[in-house]
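The block underneath contains the structure these notes are about, expressed in structure tokens.
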Amino acid sequence: MNLAFDLLVGLSLVWVAWRIVGSRDHFQAVVLFITFGLILSLAWTRLQSPDIAIAEAAVGAGLAGVLFMDALGGLSSSPGSPRPAVPLTLLFPCLILASIMAIAVLFVPEDFLGLIPVVHGALTDTSLEYPVTAVLLDFRAYDTWLELGVLLVAVLGVMGIRRIGSISGSRLPAPADPVGRWIIRILLPIMVLIGGYLLWLGAFAPGGAFQGGVVLAAAGVMLWQAGHPSLGLLPRLWWIVLLFCGFLSFLILAFWSLFHSGRMLAHPENKLWILGVEYAATISIATCLISLVLASPGRCRVRDN
Amino acid sequence: MTINELLSVLFCLSGGVFFLAGTAGLIRFPDTYSRLHALTKADNLGLGFIVLGLIFVAGSLPETIKLVLIWPLAMIGSSSACYFIANHVHRLTRNKGITRD
């Protein structure tokens with residue numbers, strides 16, 4: 001029964017991906033992409049990785065979907081455009097890659113536990129209780145640090161392309177009607193609460209900086225969709241501080257530990273450090289994602305000089 | 001199988017029936033309004049039944065509270081999304097004088 005369900009999920013992933021590639025209509029492709037993200041998060045749930053499932057549903061399906069929809073607004077609609085040709089030359093390398101991965105899966109021993117024993121064994125060395133958060137913030141802090149850097153570069157790239165220095169001047173969507181305002185009044189406090197809850201939960205259960213940050217970002221995007229400037233209200237200096245605080249906190253931690261213990265990013269025993277870094281990362285992630293949507297060229301093209 | 005598990009299976013199955021009905025409506029109904037009707041009515045009821053079913057096998061009180069919270073949140077989301085889509089379609093048809101499916 002479980003196998004049948006897993007097969008269904010896997011096959012629908014491939015089918016939806018194929019539909020996205022072959023889709024004639026941009027709007028349809030975007031909707032299918034969101035569907036793809038939701039099925040993918042279902043697949044991660046089946047693989048018992050709730051952390052990735054939450055992140056995939058929130059980022060892959062949610063915020064990426066908003067960005068794509070927004071970009072659609074800036075594209076000239078061309079319903080009769082010809083079917084995009086899928087280059088057949090790509091098919092061959094893809095098939096080779098897929099078969100190599102399939103063979104690799106076949107050679108995994110059945111009682112293989114991966115890195116689980118290693119991570120659980122090393123948990124005593126860190127002040128974190130939840131293995132996934134320990135990997136993200138302690139064992140592989142370098143990766144998380146650079147991920148924050150990637151988000152920053154993405155925001156800077158969008159700002160650079162649009163030649164704007166802040167998000168406060170971006171064009172707002174039309175103010176929401178009463179129904180929209182009613183929903184925001186209900187949902188906004190709940191979203192802020194859940195964002196904080198997910199962040200706090202990261203210490204001992206699935207959750208953490210990325211998941212919490214994305215929920216907070218969704219709250220900001222929702223406000224913006226209703227015609228409220230949200231982050232654009234902040235003075236430019238504050239906005240820059242929020243944008244960079246996650247990256248900077250990792251940088252400070254790296255330097256601090258370099259001079260104190262001789263190793264970069266070696267976490268001190270004090271839990272306050274980890275909390276500080278994680279909170280700063282959450283704020284930065286939320287700010288970066290909101291800024292990406294607010295500065296996205298699609299909706300604002302009308303205002304360009 | 002305990003009585004709780006039996007009730008859980010029963011409620012989840014009835015939830016599944018409503019989801020099936022909603023999906024059939026989404027595929028078979030002729031225009032946007034009736035499709036929205038099928039989706040938001042049947043699926044909300046289906047989700048309610050599934051939440052009800054899962055409460056019977058929930059391990060603790062916090063888990064139960066979180067499960068119960070999911071239902072009104074999903075209803076707020078789906079009813080408002082339904083309104084926005086219907087409103088958009090209504091404006092499109094009013095402006096252009098065409099029916100859009």
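Within every chain, numbering begins at 1; the chains are lettered A, B, ... in the order of the sequence lines, protein sequences first and strands thereafter.
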When you look at Val179(A) and Asn87(B), which way does the side chain to side chain contact (heavy atoms under 4.5 Å, CB included) test go after all the steps? CA-CA 11 Å; Val179(A) 179; Asn87(B) 203 23; over 6 Å; no

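The environment of OH in Tyr197(A) is sparse: at most 12 heavy-atom neighbours from other residues, nucleotides or ligands sit within 6.0 Å.
Annotation: the span from Ile190(A) atom CD1 to Leu73(B) atom CG amounts to 5.0 Å, rounded to 0.5 Å. Between Phe84(B) atom CZ and Ile183(A) atom CD1 the span is 4.0 Å, to the nearest 0.5 Å.
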